[in-house]
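Have a look at the structure below before the remarks.
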Amino acid sequence: MLAAIVFAAAVGCCGISGTVHSADGAPLRAHVQLAGPSRAAVDSDANGRFSATVPAGAYRITIVSPGYAAAQTDVVVHEGERIDVALEPLGTGRLREIGRVIVDGRLAVQRTTVPSREISRAELDALGYDRVVEALAGIPSVKVTRPDSGTASATTVVSLRGPDPSETRISLDGQPLNNANTGDLDLASFPSLVLSAVDVSEGLGPEDRAGTDTIGGEINLVSLRPTATPRRTLRLSAGSFGASSVELNATGRVSRFGYALGFGSAHAVGYVHDYPVTLQVPDGNGGTTNVGTRIGSATALATGLVNLSYDFSPRSTLRLRTLTVDGRRDEGAAQTAPVDPTNDAPGAAFVGSGPETSALSVRATLASLTLPLGAGTLAIASGLSSNATAVTRMLPDAGAFSPYDLSLTDRLATTKAEWTRTAGTTSFSLGAQTRSEALTSPDQFVTTQREHATQAWVRASGDVGPRVRIGASLISSHWSSFGTSTDGRIGIAYEDGAGGTLRFAAGTGFRAPLLAELYTLPVADLAPDANCVGANGNPNERAEHATEYELGYGKRFGSTTVDATAYRTNLRDPIENFYPLGTTCPNGVSTVVAQAFPINVGNVVYQGGSLRLAHRFGPWFATAEYGVNAAYPTSLPDVVAANPTSGSDLVVGQQFAGIPIQAFSLGLRYAHAGMHGAANVTAKSANNELAQGRFATLDAALGKTWRHVDLTLAGTNLTNAVSGRFTRLGLGTPYPLPGSAPAPRDALELEPAALRLILTIR
């Protein structure tokens, strides 16, 4: 250290300083190493502060603290350079426990072996987003599925890369939230007010701390965290379609006690309100009768979060987090459409469910403890979550329903323990997890459906040379619903010495059968469709298995970062729907003469890639991302008609319906002297989730800050792209079918341009 300082004095000194703290805001004693034109090593003090004097130049900085994941970054040192380091405690539930060094993290070169990103709370607030799905829609690899309608009050689920939402895990602080009925989570109304960030990890990464029962990847919602200094925020908003909201959060620390509290209430009258329509419903005598009724799209949401922590020592922390989300949506407008798409006048003839209300409830409680054990850290976590839906129809016989229009309660209990030892940038982990799930659905099952799973893993990563980092994991899983699977992953990151990093990863994974797919009803309880075929389950269904490959390269050029990635997933034994061809009703009598059910058959490929650019110029910051996502079956028998969880039609060699091959996003942010603004353009090619032609949406916000007060005007879909009140039956882009003319699809409509005025008091 002394030699470095003497050398620096001779050639011109430069200072670098900073602070090291946990993600919860507690200051940390840490060891800071600098490697570049000179080498230096310093320790932070009890307040987390450190400083060093070194010659000017580019440095690799490594920060290590016992019980925390190491952080590493590249910094060009000039006089007075300052950095802020936030280390993730082991066992916090992040997708990857990797520390963050804030110089301008938006320009950091990705060092993980599979594509990942963090959507920060600052990014959510900059555009005035109050729902998670608004931010996710701008990521090209994210497929937004709208099973019923494009309106804001309709069910919205997401998947990464492929068409199947059950192949992507949705979690809160690492606690899984997917249900065992459809395998996904309805994110239509999930609020962002209780979140500090959204982590998105594509594919199967060796650094991921989750199991291998995902194929597309994972979206981890990170709850509000305690902060080093007290912060209070009151946010009020009012906007188009009778929307209003009140949000309050408070974070801080009192000695060893940390807290993060968030509460909110939101209401909207809806774009469609008290709209008169005429429905044709069965009269009970084999005929139909016309019924006049009214439909709408009103929503109401109440949210509460309590996140507490207590530090027994810098390496031993107890955490308790509980979240409640209660929503009520009028889905009448989403589930009902005009018979004649050109005539949606008040009182016109409509088809569908008519008035329908869906009450949603999400509960997620998680308790965790980290403590030193030998040379490492033991992290223990136990969680309980529930996902409940209660659907009410005024006209129960008005129209067919989907798996998302059922009343059900899904409960999931998980317990996880992991021991991790870190030494510098090397990490080694051993862990195990159990999960028990219970699904109750009176609309589908006579009894409660249950499953149990256990997993055990070993994970290691570290630098094997000055420029090479390797990570690997091996996971053994046993599920009561299908059996055992052993999967592995390996990833390599090579730094080329010129500011670039080359990444490669390969791994295997699976998707477990859903409880709703395994359950079999007696034939007498099945409901016949127009061909007298009844939908049923298959108790012999097996898990899907996948092999994935990733290749990427990222490099920073001054104020510009470029990152490219390519992937391929080979899916074996995909779960698809068998449908008996040529089945007809005998003598016109509606009865079940054959059954449709999910089966394992054929092969599927997901492949594509993305190119991302980020550039900072003065107070402006711009991003651009272009993505290609191809997903198609390579071999299927003719009796397979559709994917059971995504609803996609299936044709060998043909892109799955609802997945645009090309997607593009462009973002722009500005902040200077209290003025701030943001804009985001998202464009999608044909074959998109709305069954519309190419379209682009624009979201933007402009605001001004006066000390503790901020006023922002935010707008969504300012281009009025593909907007309208109701689904247009048969007017969507046709989908090719083998041996016949393309089949017409229904065109889904987005809500038109909407404005929201947001007042924030801090």
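Proximity of a side-chain donor or acceptor of S240 to a complementary backbone N or O of L755 within less than 3.5 Å is detected. Judged by distance alone, with hydrogens and angles left aside, the side-chain atoms of S192 form a donor-acceptor pair with the main-chain N or O of Y129 at under 3.5 Å. Formation of a donor-acceptor pair under 3.5 Å by the S120 side chain with backbone atoms of A197 is not found in this model. A side-chain donor-acceptor contact under 3.5 Å links S313 to the backbone of R315. Listed for the S297 side chain is a donor-acceptor partner under 3.5 Å among the backbone atoms of V272. The closest donor-acceptor contact from the side chain of S44 to the backbone of L28 lies under 3.5 Å. With hydrogens and angles ignored, the 3.5 Å screen pairs no side-chain donor or acceptor of N47 with any backbone N or O of R49. In this structure a side-chain-to-backbone donor-acceptor pair under 3.5 Å is missing from R459 to S429. Side chain of S316 to main chain of T370: a donor-acceptor pair is present (N/O by atom type, distance under 3.5 Å, no hydrogens or angles). A donor-acceptor pair under 3.5 Å is absent between the side-chain atoms of R669 and the main chain of T623, judged by distance alone.
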Distance-only criterion, 3.5 Å: show the donor-acceptor pairs between side-chain atoms of residues 384-391 and protein atoms not counting sequence neighbours.
none

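Atom CZ of R435 sits in a crowded spot, with more than 12 heavy atoms from other residues, nucleotides or ligands closer than 6.0 Å. Around atom CZ of R231, no more than 12 heavy atoms belonging to other residues, nucleotides or ligands sit under 6.0 Å away.
The CZ atom of F190 sits 11.5 Å away from the CG atom of L360 when rounded to the nearest 0.5 Å. Rounding to the nearest 0.5 Å places OG1 of T182 at 11.5 Å from CG of L515. From L308, atom CG reaches atom CG of L261 across 7.0 Å, with rounding to the nearest 0.5 Å. If you take OH on Y271 and OG on S153, they are separated by 13.0 Å, rounding to the nearest 0.5 Å. Within the model, atoms CZ of R319 and CZ of R225 stand 7.0 Å from one another, a figure rounded to the nearest 0.5 Å. The OG atom of S358 sits 7.5 Å away from atom CG of D186, with the distance rounded to the nearest 0.5 Å.
With 3.5 Å as the limit, one finds no donor-acceptor pair spanning the side chains of T440 and T409. Side-chain atoms of S201 and D199 include no donor-acceptor pair closer than 3.5 Å.
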Audit row: E218, S171, side-chain hydrogen bond (donor to acceptor under 3.5 Å, both in side chains) steps and yes/no: CA-CA 8 Å; E218 180 168 5; S171 57; 2.5 Å; yes
Steps toward side chain to side chain contact (heavy atoms under 4.5 Å, CB included) verdict (E356, D148): CA-CA 12 Å; E356 178 175 324; D148 302 318; over 6 Å; no
Evaluate the criterion side chain to side chain contact (heavy atoms under 4.5 Å, CB included) for residue pair N717 and E751; output intermediate values, then yes/no. CA-CA 8 Å; N717 195 16; E751 289 186 349; 6.0 Å; no
Between D405 and Q335, does the side chain to side chain contact (heavy atoms under 4.5 Å, CB included) criterion hold? Intermediate values first, please. CA-CA 10 Å; D405 304 321; Q335 303 282 2; 2.9 Å; yes
Could you go through the side-chain hydrogen bond (donor to acceptor under 3.5 Å, both in side chains) check for K416 and T414 one step at a time? CA-CA 7 Å; K416 175 181 175 181; T414 57; over 6 Å; no
Please lay out, stage by stage, how T251 and T227 fare under the test side-chain hydrogen bond (donor to acceptor under 3.5 Å, both in side chains). CA-CA 6 Å; T251 61; T227 54; 2.9 Å; yes
Test side chain to side chain contact (heavy atoms under 4.5 Å, CB included) on N249 and L224 and set out the steps. CA-CA 9 Å; N249 63 56; L224 281 179; 3.8 Å; yes
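Residues R117 and E123 are not paired through a salt bridge, judged by the lack of any N-O separation under 4.0 Å between the basic side chain and the carboxylate. A salt bridge links D326 with R363: the distance from a Lys NZ or Arg NE/NH1/NH2 to an Asp or Glu carboxylate oxygen falls below 4.0 Å. At a threshold of 4.0 Å, the pair D130-R756 counts as salt-bridged, since one of the basic side-chain nitrogens sits closer than that to a carboxylate oxygen.
Annotation: side chain of V254 is in contact with side chain of Y259 (closest heavy-atom distance under 4.5 Å). In this structure, the side chains of L514 and N181 stay at 4.5 Å or more apart for every pair of heavy atoms. Contact check for L412 versus N178: no side-chain heavy atoms found under the 4.5 Å cut-off. The shortest distance between side-chain heavy atoms of D213 and R169 falls below 4.5 Å. The closest side-chain heavy-atom distance from E134 to T716 is below 4.5 Å. In this structure, T357 and R328 have side chains that are in contact, with non-hydrogen atoms separated by less than 4.5 Å. Side-chain contact between L702 and M675: present, with at least one pair of heavy atoms (C-beta onward) separated by less than 4.5 Å. Using a 4.5 Å heavy-atom threshold, the side chains of R253 and D311 count as touching.
Here the closest non-hydrogen pair linking T151 and A334 is OG1-CB, 3.6 Å. Contact record, L136 with L187: CD1-CD1, 4.1 Å, taken as the closest heavy-atom pair. Of all non-hydrogen atoms in T303 and P191, the two that sit nearest each other are OG1-CG, 3.3 Å. Taking each heavy atom of L698 and T719 in turn, the nearest pair found is CB-CG2, 3.7 Å. Pairing each heavy atom of Y404 with each of D184, the nearest pair is OH-OD2, 2.6 Å. Taking every heavy atom of both residues into account, S427 and T420 meet most closely at OG-CG2, 3.5 Å.
The one candidate from I119, L172, D173, L195 that meets the side chain to side chain contact (heavy atoms under 4.5 Å, CB included) condition with V222 is D173.
For E689, the salt bridge (charged side-chain N to carboxylate O under 4.0 Å, His left out) partners are K684, not counting sequence neighbours.
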